[in-house]
Every structure is written in C-alpha cells, then in structure tokens.
Amino acid sequence: MRDLALGIDCSTTAVKVVAWGRGGKAAAEGRAPLDQLPLRPPRSEQRADDWWEATLRAVAELTRVVDAERIAGICITHQRESFVPVDERCQALRNAILWDDARSLAQLDQLGARFGHDELHRRTGRGPSVAQALPKLLWLAQHEPEVAARTYRFMDVHGFLVQRLTGAFTTSLASADSFGLTDIQLEGWAEDLIAAIGLRPEQFCATVKPGAVIGEVTAAAARATGMPAGIPVVAGLGDGQAACLGAGVTSLDRAYLNLGTAVTGGPVGPRYLTDRSCRTLYGGAPGTFLFENVLRGGLATMRWFMRHVAASADDPLGEPLDDSASFDRYEAAAREIGPGSDGLLLVPYWNHVTSPYWDPAASGIVVGWHHGHRREHLFRAIEEGIAYEHRLAMEGIQAATGEPIREHVILGGGSNSDLWCQIMADVLGATVTRAHTAEATNLGAGILCAFGVGWYASVEEAAAAMTDVAERFQPEDPARALYDDLFTQVYRPLFPAVQPQLQRLARLHAGFAEGAADGSAEEVR
C-alpha cells in the first residue's frame with residue numbers, strides 16, 4: 001500500500017527527506033549535510049552534484065526505516081534563488097551560484113538603470129536584491145560568456161533534482177519565480193527580460209504549476225535511489241512557500257513566520273499585487289500568491305552573537321560556544337532583564353535589507369548603550385529587533401492587502417524559544433501559535449505531494465488535514481504597550497534617519513577595499 005508522501009528539502013546546509021502519512025505525521029526521515037565551497041565573500045557556491053548525492057544519502061537513510069514500496073509520490077522544496085548552468089546531459093558547466101552570493105551589485109544597478117526597479121518588481125514580484133538570480137545571470141553573461149553560451153538550461157535546485165529523478169527538464173512555477181525572470185501574472189518566463197540580459201528563453205526549463213505531476217522516477221533513478229521506478233514526482237515549490245503551506249497558512253488573515261537562518265513570513269491571497277513591503281511569489285495552492293518578507297539575518301545574527309560576542313574565556317554565559325545550553329543560559333538571563341532591554345535597541349540588518357527599503361548598503365544599528373548593559377542585553381535586543389522588523393513588514397503587507405493578520409504561525413529553530421515567541425506576540429500585538437512540527441518546510445512539500453497524487457481534492461484541504469498548531473502566545477501588557485511605543489517612536493523612524501550615512505559608509509569602505517586589493521582580486525570558478 002502506497003501510503004506515504006515523500007518530501008525532499010534541499011536547503012543550503014543539508015538535504016532532509018521525510019515520509020509523511022495522510023494525517024501529517026512523519027513516519028521516517030533521513031538527512032545528509034551539504035557544504036558550501038571555501039570561497040571569499042561575497043562569493044557563495046556549491047557543487048550541484050552535491051545536491052543529488054546528498055539526496056541519495058538521505059533517501060538511503062530513510063529507506064532503512066520504511067519500505068520504499070510505500071512511497072506514493074515525491075515532492076521537492078529547496079533553497080531559493082540558487083542556480084546552476086548545465087549541458088544537455090544535465091552536467092554542471094560550473095559551480096552553482098547560491099542565494100547568499102553578493103557579487104552582482106554592479107549588475108543590480110545596471111538592471112535598475114535599464115528597466116527600473118519598480119517595473120521589475122511589478123512584473124516579476126521581486127524588488128531589487130542581489131539574492132535573486134537575475135543580477136547573477138547578468139554577471140555570468142558578462143564575466144563568463146563562454147559558459148553562458150554553452151548552457152543548455154539554467155537550473156534551479158528543484159529543476160536539477162527533478163531532472164535527475166525523471167529525465168525531464170521541467171520545473172515548478174513556484175521554483176522558477178526565484179530567478180526573478182518570470183512574468184507572474186502571465187505565468188511564464190519574461191522572454192524580453194531574458195533576451196535583454198544576453199540569454200535565450202530556450203535556455204530555461206519548461207514550467208508547470210505546483211502540485212502537477214511532472215513525471216515518474218526513471219529506471220536509472222530507481223537504481224540510484226533504491227526507490228521503485230514509476231513513482232510520480234509532483235511539482236514542488238521554494239522553501240518559503242513550503243514553510244507557509246506546512247504551517248497551514250492559506251489565507252490573508254493568517255501568516256507564517258519562519259524564525260530560521262533568515263526570517264521569512266507573510267500571508268497568502270488570491271489576487272496578485274506588489275508592494276515595497278514584500279516580494280510576491282506563487283503560492284503552494286494554484287491561483288494563490290504569497291506576500292513574503294525576508295530578513296536575511298535571523299538565527300544567522302544570533303549565531304554571530306554566540307560565536308563572536310558570547311564566546312569568552314571569562315564569560316561563564318558564553319561557554320560552551322554556540323550550543324543550545326549556552327543559548328538557554330543567555331535566554332534565562334535576558335528574561336530577567338525585561339522588555340526593552342534597558343533602553344538598548346537594535347536594527348537587525350547584519351546582512352543588508354530587502355523590503356521595505358531594498359538597500360544593499362544597509363547595515364546593522366545598535367543604539368542606547370550605557371555602562372549598565374551586558375552581553376545578555378544585546379542578546380535580548382537581537383530578539384526584539386527581529387520582532388520589530390517583522391512587525392514593520394507585516395504592517396506594510398496588511399496595508400497593501402487591506403486585510404488584518406489575526407494570527408502568526410511560528411516555525412523554524414527560533415520557535416523553540418518561549419521567550420522569543422512571547423516577544424513576537426507582544427511586539428506584533430497578535431496571537432502567535434507554534435507549528436506542531438519542526439519540519440514544517442518539509443511538510444509543505446508533503447502536503448503538495450498528497451494533493452498531487454490525489455489524496456485530497458485541493459491543496460487547502462490537504463493543508464487543513466495535515467497541519468496543526470501547538471502552544472499559543474498572546475500579547476501581554478505592559479510589555480505590549482511598551483513595545484508599541486518603542487516601535488512607533490524609535491524603531492520605525494530610526495533606519496530612514498541614518499540611511500544616507502550608512503550608504504556613504506558602505507561606499508567609503510568599498511572604495512578603500514578596492515584600493516587595498518590593487519586589482520588583484522581572485523577570480524574563482
């Protein structure tokens with residue numbers, strides 16, 4: 001009996017596969033780590049073959065626990081914006097360029113000058129950011145024209161794994177949109193934009209809607225994976241859209257909130273719109289759109305704190321380095337401080353900012369220091385700053401859609417913190433509920449798979465049947481009132497007030513770095 005839906009989640013750091021039952025309960029899982037290549041920032045790359053090899057290892061671990069004959073279908077979710085150029089045999093022509101690669105700032109400026117960032121946002125759903133693939137593809141066309149010319153297909157992670165499983169050069173619209181080259185309303189590639197950056201429309205995969213069956217596991221893929229040939233492969237979606245679906249969010253009055261390495265979140269609606277507060281993506285259910293904010297410094301900023309601030313031989317709170325026990329000790333100390341961190345306030349732009357400012361020169365801000373502050377004050381200020389930033393985004397999205405968000409479903413590593421969940425509820429002034437599974441992103445792929453193989457009549461029905469929530473956190477006074485004042489009177493106006501100085505700082509630093517390099521920057525393939 002084929003009673004399991006297999007979700008494959010290929011993130012930046014690992015491939016995780018989970019076999020889901022019809023009620024959303026995990027029957028087994030497998031995991032294999034992924035490494036990034038040791039390149040100097042701003043470059044970030046991986047071997048695309050590692051995506052496939054890690055998938056094979058993770059599937060092998062899972063099938064040692066459950067019989068592969070039980071697998072009814074497969075659906076993939078993945079790191080977004082990462083891509084690799086391949087030949088006719090789907091062999092990589094160079095390393096994959098990842099979402100956190102920032103080499104294409106000059107190309108981002110060129111695109112804005114040529115097309116206008118607002119127009120690109122309106123058509124593709126994405127504001128100006130070096131995270132998306134579009135400026136990196138322009139970089140590739142300019143700096144590696146021989147690779148661009150030889151490329152048979154530019155593959156997102158989903159498309160690459162689908163090809164290895166089925167032989168089809170096909171991807172999902174909810175994966176292709178991360179290129180920043182799809183015309184969202186027309187549900188297809190923006191061929192004029194592709195041609196304008198020196199590439200050819202036929203160099204991109206065919207697209208289908210998420211939830212459609214793309215093909216079946218081939219005999220060759222069956223031998224490699226140990227799964228039976230003929231298992232249907234269902235078109236999947238990017239990890240943010242999957243997390244939203246795995247949280248059970250399918251409407252405008254609820255939003256998902258993923259407290260992961262990056263912080264992503266937002267609601268889902270039936271009408272396409274764009275706004276500076278968010279980027280607009282294809283939703284997991286046909287005919288829906290996800291209005292999503294992205295802060296590329298969630299747990300990544302907390303890890304920075306644990307490694308570079310907390311770690312100290314004379315600081316008992318900071319040892320051992322970057323483990324859960326150390327985090328728990330800091331959180332206990334931060335809880336004793338109380339709301340507002342004794343006047344310390346932080347803007348969490350450790351990795352620039354996308355919406356609503358779309359400013360690659362942005363950087364973090366900490367204000368209010370005095371002699372009474374200690375490391376645990378900064379720890380709490382990070383949690384509060386991320387909550388303020390998420391409120392800023394959600395207020396913009398609610399204004400754009402005209403619908404209030406009554407509940408935020410929280411997931412990801414940060415959701416394990418009761419303190420952080422309560423801070424979120426107090427800052428947002430709304431109910432925060434914890435998703436019932438830590439693997440909500442993978443569950444999103446499982447839900448789409450369940451729909452694709454016919455278990456449920458709609459994606460919404462599958463999500464309702466396969467998701468649940470655990471603890472609820474309600475806003476509490478006087479913390480809610482204090483946070484409201486701090487947000488409206490200090491946080492919201494702070495970055496716009498110093499943004500010109502931060503841009504000037506970034507230009508001065510970049511000019512000095514270029515002069516110090518003296519033209520000897522290493523060209524790494």
Side-chain angles (χ1 to χ4, degrees), residues 1-34 51-79 157-158 161-162 165 172 174-175 210-211 217 221 225-228 231-249 256 258 260-261 284 409 411-413 415-416 434-453 455-456 459 462-463 465-470:
M1 181 179 179
R2 293 195 169 183
D3 61 342
L4 297 176
L6 187 67
I8 298 176
D9 179 8
C10 184
S11 72
T12 316
T13 58
V15 172
K16 189 158 192 178
V17 297
V18 182
W20 299 97
R22 289 174 183 258
K25 183 177 180 180
E29 62 182 50
R31 188 181 189 279
L34 280 170
W51 301 337
W52 176 241
E53 292 164 8
T55 299
L56 297 181
R57 295 195 303 274
V59 169
E61 183 178 321
L62 178 137
T63 54
R64 286 195 290 269
V65 179
V66 297
D67 185 352
E69 294 287 346
R70 295 176 61 188
I71 297 173
I74 300 169
C75 188
I76 297 164
T77 182
H78 57 95
Q79 53 172 298
V157 180
H158 176 276
L161 293 178
V162 163
L165 286 168
S172 169
S175 299
V217 172
T225 62
M227 294 187 292
I231 296 176
V233 176
V234 176
L237 66 180
D239 52 11
Q241 295 107 305
C244 182
L245 198 56
V249 171
Y256 93 99
N258 186 2
T261 300
V409 183
L411 56 124
S415 68
N416 294 319
R434 187 179 279 146
H436 83 284
T437 175
E439 299 300 334
T441 300
N442 198 297
L443 177 57
I447 289 168
L448 204 52
C449 182
F451 163 72
V453 299
W455 290 359
Y456 297 98
V459 175
M466 297 176 69
T467 65
D468 199 356
V469 293

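Side chains of Asn442 and Trp20 form a contact here, defined as non-hydrogen atoms less than 4.5 Å apart. A heavy-atom distance below 4.5 Å is found between the side chains of Ile8 and Thr55. Using a 4.5 Å heavy-atom threshold, the side chains of Arg2 and Pro228 count as touching. Side chains of Lys16 and Ser11 form no contact here, defined as non-hydrogen atoms less than 4.5 Å apart. Contact check for Leu411 versus Tyr256: side-chain heavy atoms found under the 4.5 Å cut-off. The shortest distance between side-chain heavy atoms of Asp9 and Val17 does not fall below 4.5 Å. Between Leu443 and Val18, the closest side-chain pair of non-hydrogen atoms is not below 4.5 Å. Within the 4.5 Å cutoff, the side chain of Met227 has heavy atoms near those of the Val59 side chain.
Remark: Trp51 CH2 to Gln79 CD distance equals 6.0 Å, nearest 0.5 Å. Between the CE atom of Met466 and the SG atom of Cys449 there is a distance of 8.0 Å, given to the nearest 0.5 Å. To the nearest 0.5 angstrom, Leu237 atom CG is 6.5 Å from Cys75 atom SG. Here the CG atom belonging to Leu161 is positioned 4.5 Å from the CD1 atom belonging to Ile76, to the nearest 0.5 angstrom. Atom OG of residue Ser175 and atom CD of residue Gln241 lie 7.0 Å apart, to the nearest 0.5 angstrom.
Judged by distance alone, the side chain of Arg31 and the main-chain N or O of Val15 form no donor-acceptor pair under 3.5 Å. Distance alone, capped at 3.5 Å, places no donor-acceptor pair between the His78 side chain and the Asp239 backbone. Panel note: side chain Thr77, backbone Gly238; a donor-acceptor pair is recorded below 3.5 Å. For the pair Thr63 (side chain) and Ala68 (backbone), a donor-acceptor distance under 3.5 Å is absent.
Side-chain contact check for His436 and Thr467: no donor-acceptor pair (N or O, by modelled atom type) lies under 3.5 Å.
Residues Val453 and Ala72 share a closest heavy-atom pair of CG1-O, 3.6 Å. Closest heavy-atom contact between Ala242 and Thr441: CB-O, 3.3 Å. Across Leu245 and Gly284, no two heavy atoms sit closer than the pair CD2-CA, 4.4 Å. Nearest heavy-atom pair across Ala440 and Ala247 is CB-N, 4.4 Å. When every heavy atom of Pro210 is checked against every heavy atom of Ala174, the shortest pair comes out as CG-CB, 4.0 Å. Taking each heavy atom of Ala235 and Leu448 in turn, the nearest pair found is O-CD2, 3.3 Å.
Here salt bridge (Lys or Arg N to Asp or Glu O under 4.0 Å) pairs that include residues 17-28, with residues two or more places apart or in two chains, number zero. Within the structure, every pair that satisfies the salt bridge (Lys or Arg N to Asp or Glu O under 4.0 Å) test and touches residues 60-74, not counting sequence neighbours, is listed here: Asp3-Arg70.
Under the side-chain hydrogen bond (donor to acceptor under 3.5 Å, both in side chains) criterion, Thr437 pairs with no residue at all, not counting sequence neighbours.
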Thr12 and Leu34: CA distance, side-chain angles, deciding distance, side chain to side chain contact (heavy atoms under 4.5 Å, CB included) verdict: CA-CA 7 Å; Thr12 316; Leu34 280 170; over 6 Å; no

